Amino acid sequence: MVWTGTWVSDRLGIELAGDDELRGLLGLALRRNPKRAHLLVSGVLGKHVPQLPSVVHGHGVTLGRRVRALLGPEEAARAVVLGYAETATALGHAVADGLETAPYLHSTRRPVASVPSAGGFEESHSHATSHLLLPEDPAFFDRGGEAGRGPLVLVDDEFSTGNTVLNTLRDLHARHPRDHYVIVALVDMRAAGDAGRLAAFAEETGARVDVVAHARGTVRLPENVLARGLRLVEEQDGRTADPLVPCAPAVAPVRLELGWPAGLPDGGRHGFTPDHRARLREALPAMAARIVDGLGGPEQAGRVLVLGFEELMYAPLVLARALEEAGLDMRFSTTTRSPVLAVDDPGYAIRTRLAFPAHDDPADGPGERYAYNVAGGGFDTVLAVVDSAADTPALHAPGGLLAQLATAAPRVALAVVPAHTPVPRTPDRQEPPVLPAPLRGPDFSSYEPDDVGWLLQDLSAVRLEAPVEEREEAVQRGGAHYAESLPVEYQPTEEYQELYRDALAGSAARIARAVGTVTELVLAERSPRPVLVSLARAGTPVGVLMRRWARHRHGTELPHYAVSIVRGRGIDANALRWLAAHHDPADVVFVDGWTGKGAITRELADALAGFPGFDPEIAVLADPGSCVRTYGTREDFLIPSACLNSTVSGLISRTVLRDDLVGPHDYHGAKFYRELSGSDVSRDFVAAVEARFDELADAVDQQVKEAASADRAPTWEGWAAVERISEEQGIHDVNLVKPGVGETTRVLLRRVPWKILARRGAGADLAHIRLLAEQRGVPVEERDDLPYTCVGLIHPRYTRGATGADGKAVGSA
């Protein structure tokens, strides 16, 4: 038989090298994705290629049994299994089946209002990058008994660069450190350098990391393969007709009642326990019998495809397996978000494509979804299995999934699994206590009392500061989160303070114009009476200035509060509760100083998914990363408030989130540095910018007029640049790449910097950067190809040995 990677290999020179089984497990296709050209298409996963259910489930169970043998019975009994959405959700379930005693959770891209996030991570090469972890049981990751947390088994379909796994390990190890991790995949396709990064993580954390896979190898990619692949996709698009049939008639499918057991979760999105597994196994024969009867028996059903739905893979898979055991001619696959080129050639893995609109009201908005290799598969019946959240009018509409399936098979049936609605488990079920009023100056902060109310708790009496080097080592080793302590406040030299004063004098007008522009856009497009909520603390000076502009220009007194948001931990839920109780959430506008790569923009969108009514779109003074549509400017210039720490932010520290200090009904914490009042320039900064409001009024009106008719849709150019720089510099962690003048300043003031990349000829905007870099012994590289004015790189493998005896940075070798 022709290998289903031949077509791509012949045209682009992509090769698979490794175990003999690789070509039997994998084919090749081309992605419609600017981040990666090729797609490894598994023939045994049940995603893109219809396959026997017993083969799909059997591969996962076999891997699970190998993990059980590796761990031994005692450790296997303490293990938990985590799978990746959307492709590996059923594979992870099957691995847990092989382990027999392990509970299972898979990541999800569907937020649920009643379940707080227990973590998240990015899958940088994916079409949909952000993953959420939403266990119904908050103690899911702490399973293990008196001996402590048991092994964590992470399951993905392929282990390629290892970036996604490392992002997950770092996030979870910071929250729930443990001694043993097992990575499971159908194929391990890492290059030698990628394998070394996993070994480095194990060495840094002291944890054991094992890898279990059916086959191993590598993908050999020629130069310029991404650009050549994109051109090839464009060429093929010009030769083939799109199989989407927008005028296909609405279809009334045969609707089959499953008799799904009451209260049984539909899968591992919020956790699936061994008890759930036992209940499902017991119920499967009766559900399969109902399906067979509804289809009129095996002969009338003919050749059947059970088609699952995106993350909902396991329930359809085990239903298909039960039908296979009942004697039907069965295959299994699922729909997907991933856009892939279809080429009708036996040497290509994706022969046909059905495209249809999303039908489950996804959190990231409408878009196309796909079913591959269904058309032309010779199926007499296609049984679509969806959850109740996806059984919407869009599913049944002309051009919807069911209508598209009717063009590919003579008979379409539908079965609906009840979508599980989690009930979060909390230590007590009592109504949370009444939250305290916001803190205000002069008791907390040096701002005027009306300028900002801080939805924080005062931790001024707690010793939280640690040397920068100790904090960096703890964070990168996974033993602490950056929000659990504070850096020692930087005390600027007289030379540095003079640079700050010069920067403020030179940029006050530019800042005033940006403040006016973003405020007017908020008033015109978001709410005539917005409630400004700044993200402490970089957003707070901007929120104060926006409030001052509205009062100066319109005589309007806008409420302004500051709240805490922590990367990887989300926004302060108690602060949101207070806001929702005192204001209409629809009027709340979140404010920040600037965007870098957009991590906080994504964090806020994920965090607000559980709080209906709040708009996650941030308004920022400067958006060099092109991450938002409400901004004052997209220039990457020096905002003087980024030059200093608390002394330009009301003498408030960055926010703190630590379990022993912040309880379930507390606001996040921060400190008020009263002792630094002699160095405070917070009010002076606001006054210097406000003094320029009158002279900039006409310029603001013109800029707002131009913005109203411009295309301001985010392009996320900054995120793409950060990913590129991360790989070019060998860092392989976007969290260690801080783009833009503001973020680079933070790196030099609060982290352990490795090097600074600066756009050649940037001039005065980088004077303070160059001074700080000189003081800390950090090299500055001039570049011509930076989309930002500068980029700060945190030391990628920091230990205290990464600095010399004088505390200055040394190489990373």
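Just so you know, these numbers come straight off a predicted model, no measurement behind them.
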[Y] side chain reached by [X] side chain, heavy atoms, under 4.5 Å:
X    : Y    : answer
I725 : L786 : yes
D157 : S42  : no
V165 : Y84  : yes
L736 : L793 : no
L105 : V80  : no
T352 : V374 : no
V219 : S160 : no
L25  : L186 : no

For [X], check salt bridge (Lys or Arg N to Asp or Glu O under 4.0 Å) against everything at least two apart and list the hits.
X    : value
R208 : D210
R68  : none
E728 : R724, R783
K47  : E86

[X] (side chain) donor-acceptor with [Y] (main chain) under 3.5 angstrom:
X    : Y    : result
R66  : T62  : no
R353 : Y372 : no
T218 : A191 : no
Q51  : G46  : no
N373 : H48  : yes
T205 : F201 : yes
S726 : V722 : no
W3   : L26  : yes

Candidate pair L152 and H176, rule side-chain contact (heavy atoms from CB on, under 4.5 Å), full reasoning: CA-CA 10 Å; L152 177 63; H176 310 277; over 6 Å; no

Enclosure of D733 CG (heavy-atom neighbours >12, cutoff 6.0 Å): yes

How many angstroms lie between [atom1] in [X] and [atom2] in [Y], if you round to the nearest 0.5 Å?
X    : Y    : atom1 : atom2 : answer
R32  : S338 : CZ    : OG    : 12.5 Å
L52  : F332 : CG    : CZ    : 12.5 Å
L154 : L82  : CG    : CG    : 5.0 Å
L307 : L405 : CG    : CG    : 6.0 Å
F140 : Y104 : CZ    : OH    : 9.0 Å
R228 : L221 : CZ    : CG    : 10.5 Å

side-chain contact (heavy atoms from CB on, under 4.5 Å) between R369 and L401, worked out: CA-CA 9 Å; R369 302 294 187 260; L401 172 59; over 6 Å; no

Residues L133, L172; criterion side-chain contact (heavy atoms from CB on, under 4.5 Å); working and verdict: CA-CA 10 Å; L133 298 177; L172 290 178; 3.8 Å; yes

If you take all heavy atoms of [X] and [Y], which pair is closest and at what distance?
X    : Y    : answer
V340 : A29  : CG1-CB, 3.8 Å
S626 : A713 : OG-O, 4.3 Å
R178 : F141 : NH2-O, 2.5 Å
G13  : P222 : O-CD, 3.7 Å
L28  : V41  : C-CG2, 4.3 Å
R303 : G377 : NE-O, 3.3 Å

Donor-acceptor side-chain pairing of T744 and Y788 below 3.5 angstrom: no

Mutual orientation of the aromatic rings belonging to H106 and H93 [parallel < 30°, tilted 30-60°, perpendicular > 60°]: perpendicular

Pairing residues for D97 by the side chain to side chain donor-acceptor pair (under 3.5 Å) criterion, not counting sequence neighbours: H57, R277, Y314

Listed partners of E100 passing side chain to side chain donor-acceptor pair (under 3.5 Å), at least two apart: none

Please list every donor-acceptor pair under 3.5 Å in which a side-chain atom of residues 15-22 meets a protein atom from a residue at least two apart or in another chain.
from : atom 1 : to   : atom 2 : distance (Å)
D19  : OD2    : R216 : N      : 2.8

N/O donor-acceptor pairs under 3.5 Å from side chains in residues 341-349, not counting sequence neighbours:
from : atom 1 : to   : atom 2 : distance (Å)
D344 : OD1    : R351 : NE     : 3.0
D344 : OD1    : R351 : NH2    : 2.9
D345 : OD1    : G347 : N      : 2.7
Y348 : OH     : L30  : N      : 2.9
Y348 : OH     : L341 : O      : 2.7

Run the ring pair (Phe, Tyr, Trp, His ring centres under 6.0 Å) test against [X] and tell me which residues pass, sequence neighbours left out.
X    : value
H180 : none
F309 : H359
F159 : none
H270 : none

Sole candidate of R109, R110, R337 that passes salt bridge (charged side-chain N to carboxylate O under 4.0 Å, His left out) when paired with D360: R110

Audit row: R269, E311, salt bridge (charged side-chain N to carboxylate O under 4.0 Å, His left out) steps and yes/no: CA-CA 8 Å; R269 181 180 284 115; E311 293 177 11; 3.1 Å; yes

Evaluation steps, side-chain contact (heavy atoms from CB on, under 4.5 Å), between T336 and T334: CA-CA 6 Å; T336 176; T334 65; 5.6 Å; no

Pairing of K755 and E781 as salt bridge, 4.0 angstrom limit: yes

